[in-house]
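A note on names: the letters A, B, ... follow the listed sequences, proteins ahead of strands, and every chain is numbered from 1.
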Amino acid sequence: MTTSSFNLAHLLRGTFRQGIHPPDNKQFTAARPIERLPFPPELILPLSQHAGKPSVSLVRKGQEVVRGEPIAKADGFMSVPLHAPATGEIADIRLMPSARGPMVESIVLKVYPGDPQEILFGTEVDVDAMDPREIPGAIQDTGLVGLGGAAFPTHVKLSVPEGHSIHTVLINGCECEPFLTTDHRLMIEQAADLVKGTKILMRALGAERGIIGTEDNKLDAVEAIQKVLRPEDGIEVKAVQTKYPQGAEKMLATSLLGIEIPSGQLPYTVGLGVFNVATTTQIGQLLPMKRGVIERVVTVTGPGVERPGNYLVPIGTPIRFLLEKLGFEGTARHLIMGGPMMGGTVSSLDTPITKGCGGLLLLEEHQLTSEEQMHRYPCIQCGACVEACPIRLNPCELGRLANKARYETMAERFHLMDCFECGSCSYVCPAAIPLVQYFRVAKSSLRERRAAG
Amino acid sequence: MSAPTLKTSPHLRGMKSVDVIMRNVVYALIPVSLFSVLQFGLSALALILVCTTVCIGTEHFFCLRAGRETTVADWSAAITGLLMALVLPPGFPLWMAAVASFVAIALGKQIFGGLGFNLFNPALIGRAFAQAAFTVPITTWTPGMAHRRFMEFIPTTLTPPFLQPDMEAFQAWVTGLKLDGYSGATPLAMMKFDRFETDTLELFLGTIASSAGESSALLILLGGGYLAWRKMLNWRIPTAVLGSAFVLSAVFYLQDSTVYPSPFFTLCSGGLMLGAVFMATDMVSSPVTPGGLWIYGILIGVMTVIIRLFGGLNEGVMYAILLGNAATPLINNLTQPKIYGAVKKRKEVKA
């Protein structure tokens, strides 16, 4: 599945300007069908697994819960409920490590061993008969958030501000992060649910057009989706060039439609709704049953993992359990949640898989980068970062200003706030300058200053 | 299982580090260097060795003095040394070459803080110094392919330190070579002062009198092509320099071909090719923005032609590049890329 050889079809496909081509490393898991793992003895369910306000717990210590039962409710509009991923007993509600770093309030659920783990919750509804205005509420009830990693509550994207209308729904199946293959497998194995979900989203937004976009290293997924599409669906599936960060919504909008989402604006301003493949597939599965999100597919991979693959696991499964079940070589000291370009490392093996986490990547130091690659040099102004940045910022200048802590200038003159931290600049930098990290620090410092007024 | 370590994304890095890029530039300069040794023999070899050694030694010395880890391992001092040797006449006295190399690293690079901070191309600072200080030797050209070039040095090469080269001995040596039609001038000088235009093919292949490494346009292009292919050289710069020089000289040539040289001659003669491919492209002293690279390249190409055609000097590449270097911060400033989804800023009206 390399795209390095000359390929005319590839060159004719849509793409965005600039970007990078890291080795995709998807060969470990791309051909492995989704497999369900046994239930772990204990699940850790953070009340905040999404962007927005944390959910409010509905359970108390010692309470028995049934798989699929709501255990926390949404706290207002910018929030979602949480459902029990397994039948068992609430062991505790306490602070536990999270993927983002800080300890967060989490429900600890002791899973009953030997329970059949049937989902007893949910009622069948005819989605086609549903009033489009009811769909956002129904989606909020499922607890769905962007499963591609951003974990932004899905129903919020469905409430388009007045004066705007959505003409096209884009379903993002690029999965441009190296190593990850969950979206790829979902498109192949659950294409019918994906299409069903796309139609629900189109109905909810009143869009005439749906486009499922993926990179051209996943043409088998394009074929699988084409098989279940009917002409009256108004949905097409398109392959774009394999290039990082193709899966960023701005990049995909440009690659598929040739339009740019204006700086500082959301896709709805140009009539687009963009949703991830895994999210859409879950809508297709959950909404007709009125159920909640209780599990997700995670790619567990890396050269050190003995049985790499795509696994269906309950939300809340601790990393420790995955590693013990799947086996690994080495010290497992470098654990990445998500992909290698934008994912974060975790400090504790008790960190659970949350809704937004599509990958667990295990790398050893020497598999990351060699000695020479890590050697820090001064910036030689080669301009590699300027030619890599998909937003066409000037990371070189931004880096220099960051060194002098001139954060205001970075934002005002050099568009710092448009950076979405894809990591392309740091990837290409021959001087190994941690540019993205500089920008994160600059942004958070600016946010603090602005908050302080 | 020990405690996991924390790192920030991205967790992957590309393969090209600074030393890899610099090492490949050295590789790309090898054919040109070998050709100059083939053409000028022992003298060229000694010149290359002296310049490279002095440059690396100076870099090392300054790092030690500054109490820093030595930076010679990044290969950038080696590039300066090689380029320094390649832009000097092959019979240039070695002690003068050593002084020029010291100046290149000391005043062209270390004074600014070393790699990444220099405003100008260090080798050209060394060359500019030599041009001012050693006027006669730097305009003394020797014929290539002398039959005893691997047995003896060009007489000027071994001039004792702090002495001027013995020009009479040099002239006797040239006469002894019994060359037909040799005037001791470079094609550019012959063009400027005698209106004699050397055959462009000869220039392209490099069988003429010149600086040690400026002779073969073909080998320079090969080296540059390799670097551009490995994406270690920005193709926009040589394209802009050579393209603008070609166009501008074509305009003059078409007006009066008896006075002005042909554009092909302009491209292949003197240091333009070496300058455009290996010196103007120095990453540190050239702009970073795609638009800026074009402006910078065109500026250098145009200035080169103007200096050559109207100046008192027959060669203008060096000053053109140094001026281009000087303009780089301003060019960077004026050519910030237009960002994705740029929105026009409304002019804020002061209340």
Side-chain angles (χ1 to χ4, degrees), chain A residues 20 22 178 250 254 260-265 320 323 331-336 340-349 361 363 368-369 372-375 377-384 386-387 390-394 396-397 413-415 418 421 423 426-428 430-432 434 436-437 440, chain B residues 1-23 69 71 73-74 76 112-119 231-234 236-237 281-293 328-329 332-333 335-345:
Chain A
I20 58 170
K250 285 186 170 184
T254 304
E260 292 192 352
I261 299 167
S263 164
Q265 307 280 317
R320 185 189 303 279
L323 291 182
T331 56
R333 290 190 57 210
H334 200 86
L335 285 160
I336 299 158
M341 294 303 292
M342 291 182 77
T345 49
V346 292
S347 57
S348 162
L349 294 170
L361 176 58
L363 291 173
L368 287 169
T369 35
E372 300 89 65
Q373 281 165 266
M374 290 308 291
H375 188 91
Y377 290 98
C379 171
I380 56 165
Q381 285 143 69
C382 63
V386 181
E387 286 191 39
I391 300 293
R392 303 193 293 272
L393 304 174
N394 187 343
C396 175
E397 189 64 42
R413 275 206 62 205
F414 296 96
H415 313 281
D418 281 67
E421 298 164 27
S426 295
Y427 177 85
V428 296
V436 175
Q437 186 58 17
R440 284 194 195 105
Chain B
M1 285 188 229
S2 48
T5 48
L6 290 177
K7 279 193 169 168
T8 58
S9 65
H11 306 280
L12 296 180
R13 278 202 184 284
M15 298 303 287
K16 275 176 237 154
S17 61
V18 167
D19 57 308
V20 172
I21 295 174
M22 297 294 171
R23 199 173 66 226
E69 200 188 334
T71 51
D74 67 22
S76 63
F112 295 102
L115 178 68
F117 302 100
N118 46 302
L119 288 177
K231 297 219 162 94
M232 295 173 174
L233 173 149
N234 203 311
R236 291 179 183 91
I237 297 176
T281 52
D282 173 31
M283 290 167 171
V284 181
S285 50
S286 59
V288 294
T289 60
L293 290 167
T328 291
N332 269 335
N333 207 356
T335 55
Q336 286 306 316
K338 189 172 160 236
I339 67 159
Y340 176 101
V343 237
K344 271 183 196 161
K345 265 191 192 166

Chain B heavy atoms under 4.5 Å from [X]: which part of the residue, side chain, backbone, both or neither?
X	result
A/P390	backbone
A/C396	side chain
A/E421	neither

Counting heavy-atom pairs closer than 4.5 Å to chain B, which one of [options] comes out on top?
options	value
A/G344, A/C379, A/G343	A/G343
A/Q437, A/K250, A/E397, A/M342	A/K250
A/G423, A/G383, A/S263	A/S263

Could you walk me through whether A/Q381 and B/N332 satisfy the side chain to side chain donor-acceptor pair (under 3.5 Å) test, starting with their C-alpha distance in whole Å, then the side-chain angles of each, then the deciding distance to 0.1 Å, before giving a yes or no? CA-CA 11 Å; A/Q381 285 143 69; B/N332 269 335; 5.2 Å; no
For each of B/D74, B/L115, B/T281, B/V284, tally heavy-atom pairs with chain A at distances under 4.5 Å, and name the one with the top tally. B/V284
Checking [X] against chain A: side chain, backbone, both or neither under 4.5 Å from a heavy atom?
X	value
B/I21	side chain
B/K231	neither
B/N118	neither

Would you confirm whether A/S426, through its side chain, and B/P10, through its main-chain N or O, come within 3.5 Å as a donor-acceptor pair? no
